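Below is one structure, written out as C-alpha cells, with a few remarks after it.
Source: prediction; values computed, not measured. A, B, ... follow the sequence lines: proteins, then strands. Residue 1 opens every chain.
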Amino acid sequence: MSSHPNCDAFVDKLLTWYDDNGRHHLPWRKNDASPFEVLVAELMLQQTSVEQVQEVFEEFVEKFPNPDSVVAVSEEEISEEIEPLGLQKRTKYFRKASHRIIEQHGGHVPDERSELLDLHGAGEYTAASVLAHAHGKDAVAVDTNVARVLSRVFGLDAADDPNAAENWDLAERSSPTGRCSDYLHALIDFGSTVCTASNPKCSDCPVADLCDYAE
DNA sequence: AAACCGGGGCT
DNA sequence: AGCCCAGGTTT
C-alpha cells in the first residue's frame, strides 16, 4: 500500500463510485469475455474512443472469435471490419499477433508480461491490461486517463504523462490486491467522465475532499 | 527524442 | 483550425 495518507480512502471512494457509475455494460468487460476478446478490445481502444470501438467490436469478435479465424481470412477482410477506427496499421497487428499466439502459445493468449510484449501491437500498457482484465492478475496499466487522475489527486509533477515512472509506481502502490481489473476500469471511467482533461467536474467529484487538484 | 498513424467528435 | 481519443512502432 502507498505511503500517501489519502491513498486507502481514495481507492475506497473510487471503487464505490465505479460500482454505481462505471460502464459495466461494455461488451469486452463481460465476465465471460475471452482473453482473446480482451486483447482485441485493447488493440482497438488504442488512441480510439470507446464509442467508436463499440460500433465494431461485437461484429468483429463474432466473425473472428479466436486467432485461427483471424489468420484464416485475407488482410482485406480484417481491414474492412476495423476501417471505421482509423489507424489501419492495426490490421497487421491483429494478423501478426494471431500468428504468434498460434505458433508460440497453442492458440491461447499468453499470461506473462514478456510474452505479451512480444505480440505485435502490444506495449507495456496493453500487456498489463491483458494480464489484469483477461487473466485476473495484479497488474497495473497507466494510460492518459489513469495518469491524469492519479497525478491530480496525489499532486504529482508528471501531470498527464502515461510513460512517467512516477505514475506507474503510484498506480502499483495504490492498487487493491485482487481487484486490479476493477481499479483500472474505475480510473479510466472516472477519468473520462468526471476527472476529464478539460473542464473537470470538481464540483461534482466524489473524491474532491482528498484531492490535491480540486478547487 | 521525435515523427507518424487516422477517422470522428468536441471546441 | 486545432486538440484529443483505453498507445505503439518506426526512424
Side-chain angles (χ1 to χ4, degrees), chain A residues 14 18 21-30 33 35-61 75-76 78-101 109 113-135 137 139-152 158-165 167-168 171-172 175 180-201:
Chain A
L14 181 72
Y18 176 65
N21 303 283
R23 295 176 289 187
H24 306 287
H25 60 282
L26 295 175
W28 50 90
R29 291 188 187 178
K30 292 181 306 182
F36 185 70
E37 288 176 327
V38 172
L39 175 62
V40 167
E42 293 300 337
L43 292 174
M44 287 185 173
L45 286 162
Q46 290 171 4
Q47 291 293 292
T48 308
S49 70
V50 167
E51 289 71 20
Q52 277 178 285
V53 175
Q54 279 189 276
E55 296 295 321
V56 306
F57 176 80
E58 288 179 293
E59 182 173 318
F60 186 95
V61 296
E75 187 171 321
E76 285 70 23
I78 301 296
S79 180
E80 193 175 340
E81 293 295 321
I82 67 170
E83 188 279 333
L85 303 181
L87 294 176
Q88 290 296 115
K89 283 197 298 187
R90 285 184 288 194
T91 296
K92 296 187 186 301
Y93 292 178
F94 282 119
R95 290 173 60 79
K96 288 186 178 180
S98 292
H99 274 298
R100 188 173 186 89
I101 291 170
V109 176
R113 172 180 166 279
S114 62
E115 294 173 339
L116 288 165
L117 287 175
D118 283 336
L119 301 179
H120 203 63
E124 292 288 352
Y125 173 82
T126 301
S129 292
V130 171
L131 290 178
H133 303 311
H135 297 301
K137 297 206 169 190
V140 293
V142 178
D143 73 326
T144 55
N145 287 300
V146 176
R148 183 175 61 255
V149 172
L150 291 179
S151 60
R152 278 180 179 171
D160 55 356
D161 182 3
N163 294 316
N167 283 317
W168 286 77
E172 186 169 354
S175 64
C180 268
S181 178
D182 284 345
Y183 184 50
L184 294 174
H185 283 154
L187 285 166
I188 288 169
D189 288 359
F190 185 69
S192 65
T193 59
V194 178
C195 194
T196 48
S198 58
N199 304 318
K201 299 167 180 60

Check your understanding: Can you tell me how far P of B:dG9 sits from CD of A:Gln52, to the nearest Å?
Key -> 7 Å

Check your understanding: Separation of A:Glu83 atom CD from B:dC5 atom C1', in whole Å?
Key -> 14 Å

Check your understanding: Is the A:Phe57 ring parallel, tilted or perpendicular to the A:Trp28 ring (thresholds 30°, 60°)?
Key -> perpendicular

Study note, to complete from the structure: Among C:dG7, C:dT9, C:dC5, the one nearest any side-chain atom of A:Thr126 is C:dG7

Exercise for review: Indicate the ring-plane relationship of A:Phe60 and A:Phe94, choosing parallel, tilted or perpendicular according to the 30° and 60° boundaries.
Suggested key: tilted

Check your understanding: Within this structure, what is the CG-to-P distance between A:Asp160 and C:dA6, rounded to whole angstrom?
Key -> 14 Å

Exercise for review: Whole angstrom is fine here: how far is it from CD1 in A:Ile82 over to C1' in B:dG7?
Suggested key: 12 Å

Check your understanding: NZ of A:Lys89 versus P of B:dG6: gap in Å, rounded?
Key -> 7 Å

Practice item. Tell me, yes or no, whether the heavy-atom count around A:Glu80 atom CD, taken from other residues, nucleotides or ligands under 6.0 Å, exceeds 12. Key: no

Review point. Between A:Thr48 and C:dA6, is there a side-chain N or O to OP1/OP2 distance below 4.0 Å?
Key: no

Exercise for review: Whole angstrom is fine here: how far is it from OH in A:Tyr125 over to C1' in C:dA6?
Suggested key: 4 Å

Review point. Any side-chain heavy atom of A:Asp143 sitting closer than 4.5 Å to one from A:Val146?
Key: yes

Practice item. Find which nucleotide of DNA chain C each of A:Pro162 and A:His120 is nearest to by heavy atoms, and output the residue with the more 5' nucleotide. Key: A:Pro162

Review point. Is A:Arg148 near enough to C:dC4 that one of its side-chain N or O atoms lies under 4.0 angstrom from OP1 or OP2?
Key: no

Exercise for review: State whether A:Gln47 places a side-chain N or O below 4.0 Å from either non-bridging phosphate oxygen (OP1 or OP2) of C:dG7.
Suggested key: yes

Review point. Between atom CG in A:Leu87 and atom P in C:dA6, what is the gap in whole Å?
Key: 13 Å

Review point. Taking atom P in both C:dC3 and B:dC4, what distance in whole Å separates the two?
Key: 15 Å

**Study point:** A:Thr144 side chain near C:dG7 phosphate (N/O to OP1/OP2, under 4.0 Å)
**Key:** yes

Point to revise | Protein-nucleotide distance (A:Arg90, atom CZ; C:dG8, atom C1'), rounded to Å | key: 10 Å

Review point. Which of the following nucleotides, C:dT10, C:dA6, C:dG7, is nearest to the side chain of A:His185?
Key: C:dA6

Check your understanding: Among C:dG8, C:dA6, B:dG7, which nucleotide sits nearest the side chain of A:Gln46?
Key -> C:dG8

